[in-house]
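Working notes for the structure below.
These numbers come from the heavy atoms of this one structure, side chains and all, not from hydrogens, waters or symmetry mates. What you see is a predicted model; the values in this text were computed from it and never measured.
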2 protein chains.
Amino acid sequence: MIREFFLGFIKIHILHYASKKAVCGVWLIKELKRHGYAVGPSTVYPTLHRLEKVGYLKSKKVVVGGKRKIFYEITARGLKALGKSKGKIEELVNEVLKNKGASQHE
Amino acid sequence: MIREFFLGFIKIHILHYASKKAVCGVWLIKELKRHGYAVGPSTVYPTLHRLEKVGYLKSKKVVVGGKRKIFYEITARGLKALGKSKGKIEELVNEVLKNKGASQHE
DNA sequence: TATCATAATATCAATTCCTGATATCAATTT
DNA sequence: AAATTGATATCAGGAATTGATATTATGATA
């Protein structure tokens with residue numbers, strides 16, 4: 001169940017990375033693992049496909065080191081979604097971590 | 001798709017609220033709406049049931065103002081999950097908002 | 001005490017997502 | 001041209017999501 005809490009985090013991370021540079025599946029798997037998220041190929045690739053399908057990412061195929069990879073970069077649409085997400089993260093932090101969310105717990 | 005990003009946020013919020021005081025379904029719907037999350041009964045109630053089922057929340061039935069309500073409070077197990085979530089939120093903030101996550105974007 | 005109105009909660013059903021296991025693919029090596 | 005290897009793709013069973021709808025319990029009313 002707690003994994004469900006973080007599925008969105010993972011997607012936001014992916015969008016964030018893809019806003020910094022072009023990323024591919026295997027790199028994401030390693031990077032996300034470094035950040036404490038256990039993510040396998042069968043989670044990452046379908047997610048990348050979906051993120052591209054909705055227009056948040058765009059891909060290009062490249063051969064590097066003798067292996068074909070598919071690199072993903074963020075789109076304008078994806079940047080917009082990422083921006084919206086950042087706003088929500090701030091809201092979450094203010095409410096849950098700092099407890100500054102004008103809470104009227106009446 | 002972007003809604004998927006926030007489904008975890010919503011669950012964390014619920015756990016957070018339930019750690020402050022006993023909460024019921026309708027109150028959560030209003031409160032989450034106040035925080036920008038569109039959440040209806042068919043989202044909140046099954047979620048509450050599941051959170052109770054996994055032992056993060058415990059419920060008690062109360063009659064208030066002539067209406068029966070079910071109030072939920074966090075459990076020790078839920079507190080643990082919430083704590084873990086807070087750690088992840090900080091990590092997310094550092095990486096995505098502050099960009100302090102020792103990122104080796106090689 | 002039967003019925004009604006109301007608010008809170010519960011369920012349905014179609015769609016979609018998640019993911020361990022497995023398969024496929026393409027570039028290089030032998 | 002077969003094998004190797006690393007990267008990506010798919011499958012299939014289970015589970016989650018949610019608009020729509022139904023159910024429930026309480027107090028009021030007659």
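Residues Tyr45(A) and Val26(A) have side chains in contact (heavy-atom distance under 4.5 Å, counting atoms from C-beta outward). Ile12(B) is listed as a side-chain neighbour of Ser85(B), based on a closest heavy-atom distance under 4.5 Å.
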What nitrogen or oxygen pairs link the protein and nucleotides 16-20 of chain C at under 3.5 Å?
| residue | atom | partner | partner atom | Å |
| --- | --- | --- | --- | --- |
| dC17(C) | OP1 | Arg50(A) | NH1 | 2.3 |
| dC17(C) | OP1 | Glu4(B) | OE2 | 3.4 |
| dC18(C) | OP1 | Lys11(A) | NZ | 2.8 |
| dC18(C) | OP2 | Arg50(A) | NH2 | 3.2 |
| dT19(C) | OP1 | Arg3(A) | NH1 | 2.8 |
| dT19(C) | OP2 | Arg3(A) | NH1 | 3.1 |
| dT19(C) | OP2 | Thr43(A) | OG1 | 3.3 |
| dG20(C) | N7 | Ser42(A) | OG | 2.4 |
| dG20(C) | O6 | Ser42(A) | OG | 3.3 |

Identify each atom pair where a protein N or O and an N or O of nucleotides 25-28 of chain D are less than 3.5 Å apart, giving names and distance.
| residue | atom | partner | partner atom | Å |
| --- | --- | --- | --- | --- |
| dT26(D) | O2 | Lys67(B) | NZ | 3.4 |

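dT24(C) atom P lies 17 Å from atom NZ of Lys61(A), rounded to whole Å. One atom, OH of Tyr72(B), and another, P of dA10(C), lie 5 Å apart when rounded to the nearest Å. Distance NE2 (His49(B)) to P (dA8(C)): 15 Å, rounded to an integer number of Å. Across the protein-nucleic acid pair, Ile29(B) atom CD1 and dT17(D) atom P stand 15 Å apart, rounded to whole Å. Protein atom NZ of Lys60(B) is 14 Å distant from nucleotide atom P of dT9(C), rounded to whole Å. Atom NZ in Lys30(A) sits roughly 10 Å away from atom P in dG6(D) (whole-Å rounding). In this structure, CG of Leu28(B) is placed 13 Å from P of dA10(C), rounded to the nearest angstrom. In this entry the distance linking CD1 of Ile70(A) with C1' of dA27(C) reads 14 Å, nearest Å.
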side-chain contact (heavy atoms from CB on, under 4.5 Å) for Val39(A) and Leu28(A)? Distances and angles first, verdict last. CA-CA 9 Å; Val39(A) 181; Leu28(A) 282 171; over 6 Å; no
Determine, step by step, whether Val63(A) and Lys69(A) satisfy the side-chain contact (heavy atoms from CB on, under 4.5 Å) criterion, reporting the C-alpha distance in whole Å, the side-chain angles of both residues, the deciding distance to 0.1 Å, and the verdict. CA-CA 6 Å; Val63(A) 172; Lys69(A) 295 189 175 188; over 6 Å; no
Apply the test side-chain contact (heavy atoms from CB on, under 4.5 Å) to residues Lys11(B) and His16(B): give CA-CA distance (whole Å), side-chain angles for both, the deciding distance (0.1 Å), then the verdict. CA-CA 9 Å; Lys11(B) 287 164 192 163; His16(B) 170 71; over 6 Å; no
Going through the checks in order, is the side-chain contact (heavy atoms from CB on, under 4.5 Å) test met by Arg68(B) and Val62(B)? CA-CA 6 Å; Arg68(B) 87 184 194 295; Val62(B) 178; over 6 Å; no
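Distances shorter than 4.0 Å separate some side-chain N or O of Tyr45(B) from OP1 or OP2 on dT9(C).
Checking dA9(D), dT8(D), dT9(C) against the side-chain heavy atoms of Pro41(B) singles out dT9(C) as nearest.
Taking the six-membered ring for Trp and thresholds of 30 and 60 degrees, Phe6(A) and Tyr37(A) have ring planes more than 60 degrees apart, a perpendicular arrangement.
Separation of the Phe9(B) and Phe9(A) ring centroids falls under the 6.0 Å cut-off. Taking the six-membered ring for Trp and the full ring otherwise, the centers of Tyr17(B) and Trp27(B) sit less than 6.0 Å from each other.
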